[in-house]
> 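Take a look at the following structure, please.
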Number of protein chains: 2
Amino acid sequence: MADLALNIALTVDVIIFRLREGELQTLLIKRGLAPYKGRWAIPGGFVRPDESVDAAARRELFEETGLKEVYLEQLYTFGEPKRDPRGRVVTVAYFVLAAIAQAAPQAGDDAAEAQWRPITDLPPLAFDHASILAYALKRLRYKLEYTAVGFELLPEEFTLTELQTAYEIILGETLDKRNFRRRLLEADPPIIEETGKYRTGQVGPRAQLYRYRDDAVAEVRARRLFP
Amino acid sequence: MADLALNIALTVDVIIFRLREGELQTLLIKRGLAPYKGRWAIPGGFVRPDESVDAAARRELFEETGLKEVYLEQLYTFGEPKRDPRGRVVTVAYFVLAAIAQAAPQAGDDAAEAQWRPITDLPPLAFDHASILAYALKRLRYKLEYTAVGFELLPEEFTLTELQTAYEIILGETLDKRNFRRRLLEADPPIIEETGKYRTGQVGPRAQLYRYRDDAVAEVRARRLFP
DNA sequence: ACAAAAGTGTTGAGAGTACACCCATGC
DNA sequence: GCATGGGTGTACTCTCAACACTTTTGT
């Protein structure tokens, strides 16, 4: 058995999304070593023999960003033989949603250099990372439409306008304010609840703050193909 | 890099579903070697250094069943350190839908013994295969509700009653005949088309045969969480 | 003749979508 | 006082879901 495994290395790659400055951003690191030295890449690293693959993803995330309590989901395993010029490397990709409040301003010191980039303006990436990132983005948009993962990108307390804006940024389309609010406030079972607090300071009336309910059912029943 | 990889082996496990005898069945093989010697398991094997992970899954499928042209989809990667008592083995699980016509009556000669089992009556399984199978079944049901993968389990030409029965078996609920047919026949863009042929021989009127359109959009737009 | 399966429409309820104005507050 | 943003209701359309009978054919 051991000799069959000898030539395959296992890594994790962690695509980290956050909302900032009105755009959806992802963290990239500049590679300090060959191959692709100096190219931007998705943060990641080797899975250690004694840790689960999920744990490896969380460890890499923490090392790169200091983030711990986040939404993390396994995305896909990429296993083409030639995807890494060094040899046979199979990677398990994950994606992470970092809330605005958590999102570390700077990356950790593991990487030579790190940068948050808007997903609309990405540099050339190392390995097959461009297609991995494209896949992650597709999945994020998809999930956002029929589950409540969007809340993971917001601080614990948020106004309805902030929530709507987050959805609009990610989906790339505008939504109707009244319909949006009605759907959210009249959902049964409820999805969000009032905190009783208000956001003030901005121009205009104060805005009610809400929080996501822990017991919320985070999924809409999909429209079925057949009745 | 090599030493980090040394102790991790990579396998594929392939959950194969088919419809037969009015039930949803999956193929299990009896293990000839320790560990779990004599226990039933999901078919699978090691990924070779020169093949992609997808290719390994297709190769294992072919070796176990002789099947080639099937619907194959990557399911999830299971990477707990202790899931295999021999050492560190990470497995990439796939699921396959075998059409009625294709489904090999017997498994290949790679395994000591193989058996199609209804998913409602499974024996104890080796490793963490019970939970992998449960996950595969959940995903199959889920996909079936909002995509057209169900056609992959049927022969190329089928009657609407056969299609409806297939859905009822997998979902475990009965569907309304008129609503089912209307949705399917009036879908725009169309999903199926008439072959012009009929199924005869059974008691009752002859039944129109249909085929799945290659250009069909296999997905319903999910009901969105927000308008 | 009888049992089994194929095929075919209508209606009522609920969800989805489009749309515009007033008021509070900071500057 | 004016620009910005918060908050609110209604009417129309469309999709969904429930429901029963007639006809054909094999035995």
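Side chains are part of it too, since the values below use all heavy atoms of this structure and drop only hydrogens, waters and symmetry mates. Just so we're clear, the structure is a prediction, and the values are computed from it rather than from any experiment. Letters A, B, ... mirror the listed sequences (proteins, then strands); counts begin at 1.
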> What integer distance in Å separates B:Leu185:CG from C:dA6:C1'?
12 Å
> Nearest whole angstrom, please: distance from the C1' of C:dA6 to the CG of B:Leu163.
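The answer, rounded to whole Å, is 15 Å.
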> How many angstroms lie between CG in A:Leu75 and CD1 in A:Ile132, if you round to the nearest 0.5 Å?
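Going from the CG atom of A:Leu75 to the CD1 atom of A:Ile132 covers 8.5 Å.
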> Classify the angle between the aromatic ring planes of B:Phe151 and B:Tyr167 as parallel (below 30°), tilted (30 to 60°) or perpendicular (above 60°).
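The arrangement is perpendicular - the two ring planes meet at more than 60°.
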> Rounded off to whole Å, could you give me the CG-to-P distance for the A:Leu175 and C:dG16 pair?
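Taking CG of A:Leu175 and P of C:dG16, I get 14 Å after rounding.
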> Take atom CD of A:Gln164 and atom P of D:dG5, then tell me their distance rounded to the nearest Å.
13 Å
> Choose from D:dG26, D:dT23, C:dT17 the nucleotide whose nearest atom is closest to any side-chain atom of A:Arg183.
C:dT17
> Ignoring hydrogens and angles, state whether a donor on the side chain of A:Arg20 or A:Gln25 is under 3.5 Å from an acceptor on the partner side chain.
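No donor-acceptor contact under 3.5 Å links the two side chains.
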> To the nearest Å, how far apart are A:Leu209 CG and D:dG6 P?
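My rounded result for the distance is 11 Å.
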> Rounded to whole angstrom units, what separation is found between the CD atom of A:Glu194 and the P atom of D:dG6?
16 Å
> Could you tell me how far apart A:Phe180 (CZ) and C:dC19 (C1') are, to the nearest whole angstrom?
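That distance rounds to 18 Å.
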> Do the side chains of B:Leu163 and B:Phe180 get nearer than 4.5 Å, heavy atoms only?
yes
> Could B:Lys143 and B:Glu73 be called an ion pair, given the rule that one side-chain N must be under 4.0 Å from one carboxylate O?
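B:Glu73 and B:Lys143: salt-bridged.
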> Using the side-chain heavy atoms of A:Val203, tell me which of these nucleotides is nearest: C:dG26, D:dG6, C:dG7.
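That would be C:dG26.
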> Counting just side-chain N and O atoms, does B:Thr161 come under 4.0 Å of either OP1 or OP2 of C:dA5?
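Answer no for this pair, as no side-chain N or O of B:Thr161 is under 4.0 Å from OP1 or OP2.
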> Angle between ring planes, A:Tyr71 versus A:Phe95, binned at 30° and 60°: parallel, tilted or perpendicular?
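Plane angle between 30° and 60°, so tilted.
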> Out of curiosity, B:Ile170 CD1 to B:Phe17 CZ, how far, rounded to the nearest 0.5 Å?
9.0 Å
> Heavy atoms from C-beta onward define the side chain here; which of D:dG6, D:dT25, C:dG7 lies closest to that of B:Ala207?
C:dG7
> Taking N or O atoms only and anything under 3.5 Å, show me the protein contacts with nucleotides 19-22 of chain D, one pair per line.
| residue | atom | partner | partner atom | Å |
| --- | --- | --- | --- | --- |
| D:dC19 | N3 | B:Arg178 | NH2 | 3.4 |
| D:dC19 | N4 | B:Asp176 | OD2 | 3.4 |
| D:dA20 | N1 | B:Arg178 | NH1 | 3.4 |

> Has A:Arg181 got a side-chain N or O lying under 4.0 Å from the OP1 or OP2 atom of D:dT8?
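False: A:Arg181 side-chain N/O out of range (4.0 Å or more) of D:dT8 OP1/OP2.
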> In whole angstrom, what separates A:Arg206's CZ from C:dC23's P?
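Rounding to the nearest Å, CZ of A:Arg206 and P of C:dC23 are 17 Å apart.
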